[in-house]
Amino acid sequence: MSAAEITFATFNVSMEAQNYLPQGETGDATVLAKLLQTGNQPQIRNIAHIIQLVRPDVLLLNEFDYIADADKGVKAFISNYLQQPQGSAAAIDYPYFYYSTVNTGQPSPFDLDNDGKATGTGADAWGYGFYPGQYGMVLLSKYPIDTANVRTFQQFKWKDMPGFMPTKKADGRPWYSPDAWAEFPLSSKSHWDIPLHINGKTVHVLASHPTPPVFDGAENRNGIRNHDEIRLWVDYLTPQNAGYIYDDNGKKGGLAAGARFVLLGDLNASADGEGDALNGAISALYNHPRINNAMPPKSAGGVENTPDNPKAAFHTAGWRMRADYVLPSKAGFILKDSGVFWPAKADALYPLVGSRGASSDHRLVWLKLELSAE
């Protein structure tokens, strides 16, 4: 690999407490923290093995519980799993990382699901979750992170998005109470703009994990939120539409025209029109004039998983949909290669993804890019 080629990847790793507990138990972030100390949890070892095989230079992990103490969280994952050879793969190191708080599990005082009880957890948290930081995110990087210029949008209020898609009760009244709506954050986790310094150039990683557009009722509150969470990126990439956006430090506006970026994450929506999402936002993002979608990642395993579906090659989850994306800017990059880590059943590596409990219900998605001079 030349110094100018960089592999970017996203991987929903399902590393949240409920993944490791008996059904019905919710746990908290100490569950993952304990497993990260050992280096021998089989599912996490397989996740590390997949990462070591693909060897991304920049990797977003979705559903990695927020653990405030990095020594017990992301650093433990790096040292006890990634820096230890898994199977026949070579160890890998990430000297740089970024993580921060998210809205999942953050208690609200409101009855957000309108079931008559304000529990503060589950569907009554600001983002669905049973403890603060559930389903969090971590960015791993071999390149330095410009931490002083990271922008986060965890606190951006949904009401401040022009033309937001309203959520309504059956009688047409607003689903959310006025007090709840006044405080409601758009992002179910967070939206991050993380600048990296790569070979003398700045590359913005745009990371997020919008809510799944299901697990609600006829009001489709999650589908509507998923749509508007994705639409925030559409506007962020469109300078004439981005003036309303403010980050958690109060800075307004979107990404400068011509800036290099790679958008990463489990977006829980299909650009191919499958699934339950409202597809207007994902379609607008995928086809945005600044985004290069010319080399969609695909796999043999996806085809084998749903052989009668012509879109199956592009699926990124075991439940048969394209949900996870690595979307680079047209500016500043040359597309070299792409893929989804999903071996066919005859492949010796298939056991790494062979069941829900082997690693994750999602697959690692990657894109190899070459920095161009522009």
Side-chain angles (χ1 to χ4, degrees), residues 1-11 55-62 70 74 78 92-100 137-154 156 187 190-209 230 232-243 245-265 267 285-286 288-295 325-338 365-374:
M1 185 182 77
S2 74
E5 286 187 356
I6 307 102
T7 299
F8 291 83
T10 189
F11 194 6
R55 309 195 76 74
D57 300 292
V58 180
L59 170 63
L60 177 68
L61 303 177
N62 287 130
V74 58
I78 293 169
I92 193 168
D93 185 33
Y94 291 97
Y96 308 100
F97 56 82
Y98 178 82
Y99 69 104
S100 188
M137 305 188 291
V138 173
L139 185 77
L140 305 177
S141 177
K142 293 187 177 182
Y143 297 97
I145 297 170
D146 183 3
T147 51
N149 288 301
V150 170
R151 300 183 71 190
T152 64
F153 301 88
Q154 183 185 355
F156 177 85
S187 186
S190 190
H191 288 64
W192 297 341
D193 176 346
I194 306 169
L196 306 180
H197 295 309
I198 302 180
N199 300 342
K201 309 290 187 183
T202 297
V203 176
H204 293 260
V205 171
L206 307 181
S208 65
H209 183 194
I230 295 171
L232 186 77
W233 284 136
V234 179
D235 291 345
Y236 194 71
L237 296 176
T238 311
Q240 64 269 29
N241 294 342
I245 300 172
Y246 54 85
D247 63 29
D248 294 333
N249 289 321
K251 180 182 176 183
K252 299 195 75 171
L255 189 64
R260 280 182 182 82
F261 66 86
V262 181
L263 192 147
L264 298 173
L267 301 186
L285 180 64
Y286 191 72
H288 195 283
R290 292 178 69 174
I291 280 178
N292 187 344
N293 64 15
M295 196 178 288
Y325 296 85
V326 182
L327 299 175
S329 57
K330 291 176 180 174
F333 292 117
I334 301 167
L335 265 173
K336 305 295 287 187
D337 201 3
S338 68
V365 181
W366 59 271
L367 217 67
K368 184 177 289 187
L369 303 170
E370 182 180 319
L371 281 175
S372 60
E374 63 190 78

Show your reasoning for whether side chain to side chain contact (heavy atoms under 4.5 Å, CB included) applies to L335 and N292.
-> CA-CA 8 Å; L335 265 173; N292 187 344; 3.3 Å; yes
Please assess L237 against I291 for the test side chain to side chain contact (heavy atoms under 4.5 Å, CB included), listing each intermediate value before the final yes or no.
-> CA-CA 9 Å; L237 296 176; I291 280 178; 4.0 Å; yes
Step-by-step side chain to side chain contact (heavy atoms under 4.5 Å, CB included) determination, I198 to I6 = CA-CA 9 Å; I198 302 180; I6 307 102; 3.8 Å; yes
Trace of the side chain to side chain contact (heavy atoms under 4.5 Å, CB included) decision for L140 with I78 | CA-CA 9 Å; L140 305 177; I78 293 169; 4.0 Å; yes
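Counting only heavy atoms from C-beta outward, the side chains of L285 and L263 approach each other to under 4.5 Å. Using a 4.5 Å cut-off on side-chain heavy atoms (C-beta onward), T238 and Q240 make contact. The closest side-chain heavy-atom distance from L139 to L264 is below 4.5 Å. With a 4.5 Å cut-off on side-chain heavy atoms, S208 and H191 count as touching. At a threshold of 4.5 Å between non-hydrogen side-chain atoms, the residues R55 and T7 do not count as touching. Put simply, the side chain of L327 does not reach to within 4.5 Å of the side chain of L206, judged on heavy atoms. Side-chain atoms of R260 and L371, non-hydrogen and from C-beta on, do get closer than 4.5 Å to each other. Between V234 and N241 there is no side-chain heavy-atom pair separated by less than 4.5 Å.
Separation of atoms CG (N249) and OG1 (T152) is listed at 6.5 Å; rounding is to 0.5 Å. Here CZ of F8 is found 11.5 Å from CG of L59. Values are rounded to the nearest 0.5 Å. Interatomic distance, NZ of K201 versus CG of L196, reported as 15.0 Å (0.5 Å rounding). The distance from the OG atom of S190 to the CG atom of D248 is 6.0 Å, given to the nearest 0.5 Å. A distance of 7.0 Å separates OG1 of T202 from CG of D146, quoted to the nearest 0.5 Å. Of the inter-residue distances, the one linking Y325 atom OH with I230 atom CD1 reads 7.5 Å to the nearest 0.5 angstrom.
The ring pair (Phe, Tyr, Trp, His ring centres under 6.0 Å) check on Y236 picks up F153, W233, with sequence neighbours excluded. In this structure Y96 satisfies the side chain to side chain contact (heavy atoms under 4.5 Å, CB included) test together with S141, P144, I145, sequence neighbours excluded. Scored by the ring pair (Phe, Tyr, Trp, His ring centres under 6.0 Å) test, Y98 finds W192 as partners (sequence neighbours excluded). Residues meeting the salt bridge (charged side-chain N to carboxylate O under 4.0 Å, His left out) test with D247, sequence neighbours left out: R151. The salt bridge (charged side-chain N to carboxylate O under 4.0 Å, His left out) search around R290 returns none, not counting sequence neighbours.
Closest approach of A331 and A259 over heavy atoms only: CB-O, 4.5 Å. Of all heavy-atom pairs spanning P56 and I92, the tightest one is O-CD1, 4.1 Å.
Between the side chain of D337 and the backbone N or O of K368, no donor-acceptor pair lies under 3.5 Å. With hydrogens and angles ignored, the 3.5 Å screen pairs a side-chain donor or acceptor of S372 with a backbone N or O of F333.
No side-chain donor from either of H204 and S329 sits under 3.5 Å from a side-chain acceptor of the other.
Residue pairs that meet the salt bridge (charged side-chain N to carboxylate O under 4.0 Å, His left out) test with at least one member in residues 234-243, sequence neighbours left out, are R231-D235.
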